[in-house]
Each structure stands twice: as structure tokens, then as C-alpha cells.
Amino acid sequence: METNLKDVNELIKRRYEELNELNEKGFQPYAYSFDVDSDSEDIKDNYKEDEKRNVKIAGRIMAIRRMGKASFAHILDHKGRIQMYLRKDEIGDQYAAFKLMDIGDIVGIEGYIFKTKTGETSVHVTSLELLSKSLRPLPIAKEATDEDGNKIIYDQFTDKELRYRQRYVDLIVNPEVKNTFVYRSKIITALRNYLDAQDYIEVETPILQPLYGGAAAKPFITHHNSLNIDLYLRIADELYLKRLIVGGFNGVYEISKDFRNEGMDRTHNPEFTMMELYVPYKDYEWMMEFVEKMTTHVCKSVFQTLEFYYEGNQIDFKTPWKRISFVEAIKDKTGVDVLNATDDELKGLAKNLGVDISAAEGKAKLIDEIFGAAIEPELIQPTFVIDYPLILSPLAKKHRSKEGLVERFEAYVAGREICNAFSELNDPIDQRIRFEDQVKLRDAGDEEAHQVDEDFLRALEYGFPPTAGLGVGIDRLVMLLTNQTSIRDVIFFPQMKPEA
RNA sequence: GGGCGCGUAGCUCAGUGGUAGAGCAUCUGCCUUUUAAGCAGAGGGUCGGUGGUUCGAGACCACCCGCGCUCACCA
């Protein structure tokens, strides 16, 4: 047997030999199709003692117990595991073929449902077909059930590096991983359904952008060959979606990947999923209620509850959520009015809070750091933090009555931000001033300050209706609702360094 | 990027200077309701990599690679 596999070991070599033997005996090891008419869950849920219902199912062999002329095996399909029972005297040649099958092989079976002596609902196989021969050994774990009915898993595949690099294997052998991703999908579907039901339309805007904006972040840079220009991978969708509101849409949203060229840790992946929504003629007050209603819809439709458990905290999403003022919250906690404090006072406060102030150069960042250290960790139950300092928010509209503030809110849950929203700045003259202030910050060394987007300003100059805008970090929302502590556990293929 | 930790068989892990181990998985034999099936036997290793110390290194030292946790930055 020839193979190109460099790392052929005994186990893999053995499987190639079996593959050959199957071919020689006339068993096609890679089938074209198999008609399935049931699944493991249906079989277990709908077993009736007095009926030998016939079923056809397909799945991956996960455990084999051979006893000479009869065998038991478990197969895993998209719903779970089911046991099958095979007898040589009933399936003849196919039993010989089964001897050449392994854990990991994908098979199609036909048979009737029965219960074993020990009470496990199983399929008594009348026909067995190999659908795909597996050539690599799975990191298979064994399962048992203890006296109290708890599942015990032996030698579970736990190596995080391998699990992330070979997610396909992780998904096969760690069923709860699949669960989390099914929830992720359902959460996004629920969001989309809710937005569609309000008649907001889902749109697509450029990922490759000549200028980047809509957030404070460092971009990835790429190059277009025939135009011979550098382009940025978007860090946010905001500025393009607002152009569409200028264009006259009555509410647009986009669920998409954004890219930020920054550090990676358990809450940051270089590419991540954002949902942004813009609704004309509304303000941030309206948007707060919208966020409450949308979150309620997602929680109830996906999880049938508003109560969640996350990192040791019981979270209750019942509305209305608490609202606190950004500036007042800091003042109440520390006695310092960040709006009127001098730079030295802010630095002193930051130092007292244990903030590393060498990294936070500007006043805006200093204030942000202070909030992060003093207030954020206490925001366990859903809380709207409202009315941010203007200098933190170059795209938000000035507060209608409070000097130095903008109409902006972030919702916090379990000490983490889950969304960011504001009454959008629709005054093109003010927007230009804000951009110019950003340029000053950039010139002063703030790499994450905005660039001036002249086309965006031109769009505003045509007339941008008053608009409420919202951004939701989908990965973090999924983490919260599925009780995952690492973003890598809610992204199928998290960014990794190349394999050595 | 800094700090701490980890990397030994397909998987989970022992092994702190003297012949590379265990359980599961794999292979051979027996076994027609088993279920971590069982019984008897067998094979399987570039101990992440490269240098060094030593009579002798999986272990000690240096550097490198990868991963995890954490701090910094951010969402």
C-alpha cells in the first residue's frame, strides 16, 4: 500500500490495509448516498414495545463491542448516539465487512428497533453499508454512567490546541461543543427574525475599505493589485450603514465580520462578528427600549428563559434594565467629576484605582480607563450606562441638555459591555469638527483615532435624518448566553499561530 | 509584548540524572443481548525542536517553536 502521508503510524497503516481488503472483497468504502428515514433521537423518543419499526439511519461508529459472531456498536448521527446490534447469522458477508470497520467509520444501517436486556433502545441491523472509511484514529473517549445516572467520560479529548486546530474532531468527540454552536446559530437567527419583523432590511457593505472608521481600533491592511492601492479590512460597518440611511432606507442592519489588528485573548479574536442597526427618526432613548425588547425576544425564543448563569453570577434580563449615568456613576463612586477634573486629578484617580496610566495618554482614554476600573466590574445585572463624555464619542450626537456629553449608552451584563448605541451625529458641520479633533489626537500619537472620511461628510451634507444606531458584539453575547468564558469556544476556527 | 505554567504512545496521564511506563485505543485468539463488555497474549515512542552540562539527559541549563492562564491594549 502506498500513501503520501508522512506521519503514517501503525494505526493509520492498519486502516489503509483494511481499506484495501474491503476493496478486494468488493465493498465500496466510499459510497455516493444513503437514504435516511430516521435519526437517533427519533428512535429513542418513539420506541414502542409492541412494534418492530424498521428504520434507516446513518452515522459515525463511536464504540464497538465485538463478541465473536455478534457485535454491538454505537453510532453517532447529527442528533446523538444510538446502539446497533449485528449478528453474523443474519447479515453474512456484511459481518465480514464489519470486521474491517473501525471507530470513526461512517456507516448506513437498516434494521428494526428493539430494547436490549439492559434496557437500551437499539437497532437490530438487517443491513449494514460502509459509507466512508476513516483513515485516522479519533481521540475517542469512553463513556459510562455511574450509579446516580451521571455520565462519566474517560480520556476525554481536552487538548485545547488540537481542539481548535482540528475543530472537526472536537465536534465529533465533544458533543457539548456542537451544542454551543447550535445555540450561536439560533441566537443569530432570533436576532435576524426580530429585526426582519420590524421591517428593517439586512444589507451588505464593503469589507475592503479605502478608509476605516466607525470605531477606535487598528486595522488590517491589504493590497489591491490592479488598482495598486492599499485597502483596510473594516473595523466597523457604521459609516457605510449611515450612508444608506442618507439614501432613504427605513432601518438597515448588517450582521458581519469586522477585523481589528490588536491583541488576542479570551475576549478578543482578530475577526469577530458584529450586528449593527440604524433606524431613522429615532433617538437613543428609543433604542434602549428596543434593546430590551430585542434581548427579551432572543432569550425567550432560544432559551425559553430570561435567567442565565454566567461566571458565578445569576443574571436576570427582566425589563426595564437599570440605568446609570456615566459621569454620575464615577462621581458617586470616587467623588471625582471627570468632566471638570484636571488631567492631574484624573491621573491621580486612575493611579488610585490601579490603572496603568502610562498606556492611557489622552484624557479620553484616561476617563475610559477610570470607568473600566471603578464601575464596570459592578455592573452584573443588565444595566444601561448613559450619557458619555463627548470626547469619547466622535460619532455621537451632543446631548440635548447636558453640556459636554453625548446621547450614548452601553449595556453592561456580568461586568461586560454587550452593546453600544447612540443618537447618531447628523450635523455635518459638527461631524467635521469631531473628525478634526480626532486628527489632532492622531497627530499626538493616538493610532486608533479616526481618519477624516470626506465622502461620509459629503453624505451628511446631503441631509442625514436623526437616527438611532446600535452595535452588538455577537460573539460576546453568545458567550454570555451559553456560559462560555473564552471567545475561542464560540468561534469555530479561532485565530491560531501556524502549526510548526 | 510582559509574567506564570504546560508540551512523554492515537487519547488521558505517570515518570526529577542510570534499560521509556499505565489505562483506554490498536493487533492476534476465544466469545450470538454487550455497554469503560470480558479473558489470554502482542505490537506501538524523533519524550515539541536545536544546542549545551554530564560517564550517562524524558528529567538539569540556554535558545527556539506551539498552547493555556494572566497583565497590558481593545469589542
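Quick note on labels: first sequence line is chain A, next is B, and so on, each numbered from 1. No hydrogens, no waters, no symmetry mates; every other heavy atom, side chains included, goes into these values.
Within the structure, the ring pair (Phe, Tyr, Trp, His ring centres under 6.0 Å) test picks out the following pairs touching residues 368-388 of chain A (sequence neighbours left out): A:W321-A:F384, A:F326-A:F371, A:F326-A:Y388, A:F371-A:Y412, A:F384-A:F409. Residues in residues 121-130 of chain A take part in no salt bridge (charged side-chain N to carboxylate O under 4.0 Å, His left out) pair, two or more places apart or across chains.
Between the OH atom of A:Y112 and the P atom of B:U33 there is a distance of 13 Å, rounded to whole Å. Between A:I64 atom CD1 and B:A36 atom P the separation is 16 Å, expressed in whole Å. Taking atom NE2 on A:H74 and atom P on B:A37, their separation rounds to 9 Å, with Å as the unit. Per the geometry, CG belonging to A:D368 stands 10 Å off P belonging to B:C73, to the nearest Å. The separation between A:Q166 atom CD and B:G66 atom P is 17 Å, rounded to whole Å. When the C1' atom of B:G48 is taken as reference, atom NZ of A:K497 falls 14 Å away, rounded to whole Å. To the nearest angstrom, C1' of B:C69 lies 13 Å from CD of A:E311. In this entry the distance linking CG of A:N150 with P of B:A36 reads 14 Å, nearest Å.
Annotation: B:C67 and B:C30 have their C1' atoms spaced 45 Å apart (nearest Å). B:U34 and B:G49 have their C1' atoms separated by 46 Å, given to the nearest Å. One C1' atom belongs to B:G58, the other to B:A9, and the distance between them is 14 Å to the nearest Å. A distance of about 15 Å separates the C1' atoms of B:A62 and B:A57, rounded to the whole Å. With both ends at atom P, the span from B:C60 to B:G5 equals 12 Å, rounded to whole Å. Here the separation of B:U54 from B:C61, taken at their C1' atoms, is 12 Å to the nearest Å. Only the C1' atoms considered, B:U53 is 30 Å distant from B:G68, to the nearest whole Å. For B:A59 and B:G7, the C1' atoms lie 14 Å apart once the distance is rounded to whole Å.
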Grab the N/O contacts between the protein and nucleotides 27-31 of chain B below 3.5 Å, and write none if there aren't any.
from  : atom 1 : to    : atom 2 : distance (Å)
B:C27 : OP1    : A:E18 : OE2    : 3.4
B:C31 : N3     : A:G68 : N      : 3.1
B:C31 : N4     : A:G68 : N      : 3.3

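The nearest heavy atom of RNA chain B to A:I103 and to A:F272 marks one nucleotide each, and the one closer to the 5' end goes with A:I103. Toward the 5′ end of RNA chain B lies the nearest nucleotide of A:Q83, the other residue of the pair A:Q83 and A:E417 mapping further downstream.
Under the salt bridge (charged side-chain N to carboxylate O under 4.0 Å, His left out) criterion, A:D437 pairs with A:K440, sequence neighbours left out. Every residue two or more places apart in sequence or in another chain that forms a salt bridge (charged side-chain N to carboxylate O under 4.0 Å, His left out) with A:K25 is listed here: A:E21.
When both pairing distances are held under 3.5 Å, B:C60 makes a Watson-Crick or G-U pair with B:G52. The partner of B:A20 cannot be assigned: no Watson-Crick or G-U wobble pair with both contacts below 3.5 Å exists in any strand. Across all strands shown, B:C73 has no partner, as no Watson-Crick or G-U wobble contact with both distances under 3.5 Å is found. Both distances falling under 3.5 Å, in either a Watson-Crick or a G-U wobble arrangement, place B:G7 opposite B:C65. Using the Watson-Crick or G-U wobble rule with both distances under 3.5 Å, B:U28 pairs with B:A40.
For an aromatic pair to be called close, the ring centres must be under 6.0 Å apart, and A:F290 with A:Y194 satisfies this. Ring to ring, A:Y253 and A:Y278 are not that close: their centroids are 6.0 angstrom or more apart.
Cation-pi contact between A:K52 and A:Y112: present, with separation from the ring centre below 6.0 Å and deviation from the ring axis of at most 45°. Cation-pi geometry between A:R66 and A:F98 is met: the NZ or CZ atom falls under 6.0 Å from the ring centre, inside 45° of the normal.
When each of A:T189, A:N179, A:T273 is paired with A:R184, the side chain to side chain donor-acceptor pair (under 3.5 Å) condition holds for A:T273 and for no other.
Residue contacts shown for A:R15 are absent, as no nucleic acid heavy atom lies under 4.0 Å away. Across all strands shown, A:F114 has heavy atoms under 4.0 Å from base atoms, whether or not it also approaches the sugar-phosphate. Base contact: A:N269 has a heavy atom under 4.0 Å from a base atom. Backbone-only engagement by A:M496 is indicated by non-hydrogen atom pairs under 4.0 Å involving sugar-phosphate atoms exclusively. Within 4.0 Å of A:D475, counting heavy atoms only, lies no atom of the nucleic acid at all.
The pair A:E17-A:K13 does not count as a salt bridge, with every side-chain nitrogen at least 4.0 angstrom from each carboxylate oxygen. The pair A:R416-A:E311 counts as a salt bridge, with a side-chain nitrogen and a carboxylate oxygen less than 4.0 angstrom apart.
The closest side-chain donor-acceptor pair between A:D42 and A:S40, if any, does not fall under 3.5 angstrom. A side-chain donor-acceptor contact under 3.5 Å links A:T205 and A:E254.
Each of B:C73, B:U33, B:U32 was ranked by its minimum atom distance to the side chain of A:T116; first place goes to B:U33. Among the nucleotides B:C67, B:C69, B:U32, the one closest to the side chain of A:Y85 is B:U32. The side chain of A:K117 lies closest to B:U34 when the candidates are B:C73, B:G68, B:U34. Among the nucleotides B:A72, B:U70, B:C24, the one closest to the side chain of A:D265 is B:A72.
No N or O donor and acceptor, one from the side chain of A:E120 and one from the base of B:U34, sit under 3.5 Å apart.
For B:A25, one of the phosphate oxygens OP1 or OP2 lies less than 4.0 angstrom from a side-chain nitrogen or oxygen of A:K142. Phosphate contact (OP1/OP2 of B:C67, side-chain N/O of A:R165, threshold under 4.0 Å): present. Taking side-chain N and O atoms only, A:R65 has a distance below 4.0 Å to OP1 or OP2 of B:A37.
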(message) Counting primed atoms plus P, OP1 and OP2 as sugar-phosphate and everything else as base, spell out the protein contacts along nucleotides 3-15 of chain B at 4.0 Å heavy-atom distance: B, S or - for each nucleotide, 5' to 3'.
(response) -------BBS---
